[in-house]
Amino acid sequence: MKRFIQLVAIIMALLVPQSINARTGVIYGSGASDFSVETNGDAQQVKLRIYKDGMGGKPIKTVNMKRNEKAGELLWQATVKGDLKGKFYTFDVKYNGKFYGECPGVWATAVGVNGKRGAIVDMGGTNPQGWANDRRPAIEAKDLIIYEMHHRDFSIDPSSGIEHKGKFLALTEPRAIKHLTKLGVNAVHILPSFDYASVDETRLDEPQYNWGYDPVNYNVPEGGYSTDPYRPEVRIKEFKQMVQALHRAGIKVILDVVYNHTWNIDGSNFQRTRPDYFYRKNADGTYSNGSGCGNETASEREAMRRYMIESVQYWVDEYHIDGFRFDLMGVHDIETMNAIRTSVPNDIFIYGEGWSAGSCAYSGELAMKANINKMLGIAAFSDEIRDALRGPWDSNSKAAFLGGVKGNEESLKFGIVGAIQHPDIDYSKVNYSKAPFATEPTQMIAYVSCHDDMCLVDRLRASVKGITTEELIRLDLLAQTAVMTSQGVPFMLSGEEMLRDKKGVHNSYESPDSINHLDWGNLERYPQVMDYYKNLIALRKAHPAFHMGSAALVRENLSFLPVENCLVAFHINGRGVPGEQWGDIYVAFNTHKRARSIEIPEGTYTVVCRNIACDPDGITTVKGGKVTIPAQSALILHN
Ligand code: CA
């Protein structure tokens, strides 16, 4: 009887329709390639076309795909015999008697120029030499120092001295790697690097610029950053070379992912294969626009959730990606974000914008900043510390703490502890969150500037009346000292170390290179800025006191001195922090235009940060008691 039951169970398992958990698209084989595409249940016909090129020309083969009844009638499949390596393909799905248009499907892992057709590539052949030995650098979340960069900003200017300007390969060059390692960052967060629409890959000889928040093919590197977008394997290999070079230098690679919306609705791969499935709609039937980009995806739907999970896993597996920054994470639901968290290894760092850009057509809980405590292992950007320092997001000309505006002290403190519960903070006076949003400090990204809004230099110029270059540098360094001594995960915009500006442009998503480029000449013009940044980062890295990584440790060992207007100071008991060599550590920020002082216990202290100098080995010593903080600067000392 027992054996009979086992037999029945085996037969049942064979008869029950398999769930669709395999990625669709194409699986290449030298003798035959298997194609599959997932549709809505009412799809009537699916045509697969094979082409010689990534654009133009007539199909060399057209195949009617077959519905896979076992897979719940959503999956259509075809096997095409022969070696199709180097060929291209499209799917065309028919609903209500009408074909919705050719597209590569949602799961192309290689495409032709501008991503219009899928490409048949032997993925094994895209691995650079030594790829099998490539490993993600072992860096814990609490130890990360993130550098947010756009490929073109970083290297396009002749002053960069980089050969492959605006390309993935730029980050394989010694000049680039040396700069990053000298600065000391250990993670680069690259702006959208999947295939996006707004740069025409057939016109790369002309200057074109876009941030790339307009996704087309989520699982393929962008062709505009490759040396040849027509040859599908080139961008894949070059992307891997970039990852490999950064990993060799001990630098993690974090991908900016934009699952919350697509470039368009009508022509999108989502819409052409599964009309109206992937997008949220309002009660009146119109498309919801929580992304502010004309549409919003529906992460709560089974196939969209599965898609996001598998896409993230794919980037980890195929490209050895170390982390993900979710654009408008607040458009996604909590369950999806938590499912993504548990679907990838623990060392994959996940963070996002804990907000949306409009109201979302979803009644459940969204992955907003206020819900971060329900998403362990996921972090959100803190606009509290950002705006406490530079000023509110809705006005470029308004200053805050940096500009000597009082009332931002508690918001800055909130950012210093990493958005956790802390007895010294009066949450009623925090600018946005009236309660801690993080359970652990590594759930908060500390920053003062990013690609959005004005960069730090422009913001200081726009908001601090009559600011001199000297003051600008002082306040810039003070701002980053707050970021780098925050218990959250520090994050900086590429080029701040070069005192970059964007000529006052606050939304440079399609501005020319003359606005967005880094001017590497500034490294010689303002050497004190790079010096300070690198020493400040070295100081953070060498001292666990500045990145304890645990809310309990922060509450135990970090306490604030009495707050005064435009003066925030705190004490860390280094003896209570595992691995910390320093005893009492004091950090103070003074944005008054004159020196102020704080009271600390008697004793002899080593100053490691004062005025515009930072040196982890010590600048000078001072006696305790009344200690002076020079105007518009940070002070760090220890015993
Ligand atoms: Ca593209």
Side-chain angles (χ1 to χ4, degrees), residues 25 51 53-56 88-91 101-121 126 149-156 164-171 190-243 255-273 291 293-295 297 311 314-315 318-319 321 327 451 509-513 516:
Y51 291 89
D53 295 309
M55 61 183 282
F88 297 83
Y89 66 93
T90 63
F91 301 114
E102 290 181 67
C103 73
V106 301
W107 252 110
T109 54
V111 293
V113 69
N114 281 334
K116 301 288 187 201
R117 292 175 184 164
I120 302 157
V121 163
T126 63
M149 57 161 286
H150 182 280
H151 297 289
R152 200 166 169 103
D153 291 15
F154 185 72
S155 56
I156 200 70
H164 295 96
K165 294 182 173 60
K167 305 293 181 190
F168 295 134
L169 288 181
L171 288 174
I190 48 177
L191 257 65
S193 296
F194 48 78
D195 178 34
Y196 62 79
S198 50
V199 162
D200 183 349
E201 298 173 13
T202 66
R203 298 188 297 119
L204 294 181
D205 49 341
E206 300 166 28
Q208 297 181 68
Y209 186 94
N210 207 286
W211 283 342
Y213 292 93
D214 41 67
V216 178
N217 291 291
Y218 284 103
N219 303 304
V220 187
E222 160 61 18
Y225 298 137
S226 76
T227 57
D228 187 352
Y230 290 88
R231 288 165 56 211
E233 68 282 5
V234 171
R235 61 178 81 182
I236 298 170
K237 185 171 185 179
E238 289 176 349
F239 193 106
K240 289 176 177 174
Q241 286 175 281
M242 168 187 75
V243 172
L255 203 60
D256 193 338
V257 287
V258 190
Y259 298 108
N260 68 81
H261 72 276
T262 54
W263 158 242
N264 52 8
I265 296 178
D266 281 348
S268 80
N269 298 331
F270 283 156
Q271 194 70 352
R272 286 190 170 181
T273 51
S291 72
C293 299
N295 63 76
T297 56
S311 178
Y314 175 73
W315 283 101
E318 186 66 36
Y319 290 96
I321 289 296
D327 186 60
H451 69 278
Y509 76 101
E510 58 171 8
S511 297
D513 295 333
N516 281 309

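This chain uses plain numbering: 1 for the first residue, then up along the sequence. Whatever order the structure lists them in is the order used to number ligands and atoms, beginning at 1.
Between the side chains of Lys167 and Thr227, no donor-acceptor pair of N or O atoms lies under 3.5 Å. For the 3.5 Å distance criterion, the side chains of His151 and Ser193 qualify, holding a donor opposite an acceptor.
Nearest to the Ca ion (ligand 1), among the N, O or S atoms that Glu201 has, is OE2. When the Ca ion (ligand 1) is compared with the N/O/S atoms of Glu222, atom OE1 turns out nearest. The nearest N/O/S atom of Asp195 to the Ca ion (ligand 1) is OD1.
Annotation: cation-pi pair Arg152/Tyr209 absent, no NZ/CZ under 6.0 Å from the ring centroid and within 45° of its normal.
Residue contact annotation: Tyr196 places an N/O/S atom under 3.0 Å from the Ca ion (ligand 1).
Sparse packing is recorded around OH of Tyr509, with 12 or fewer heavy atoms of other residues, nucleotides or ligands lying under 6.0 Å away.
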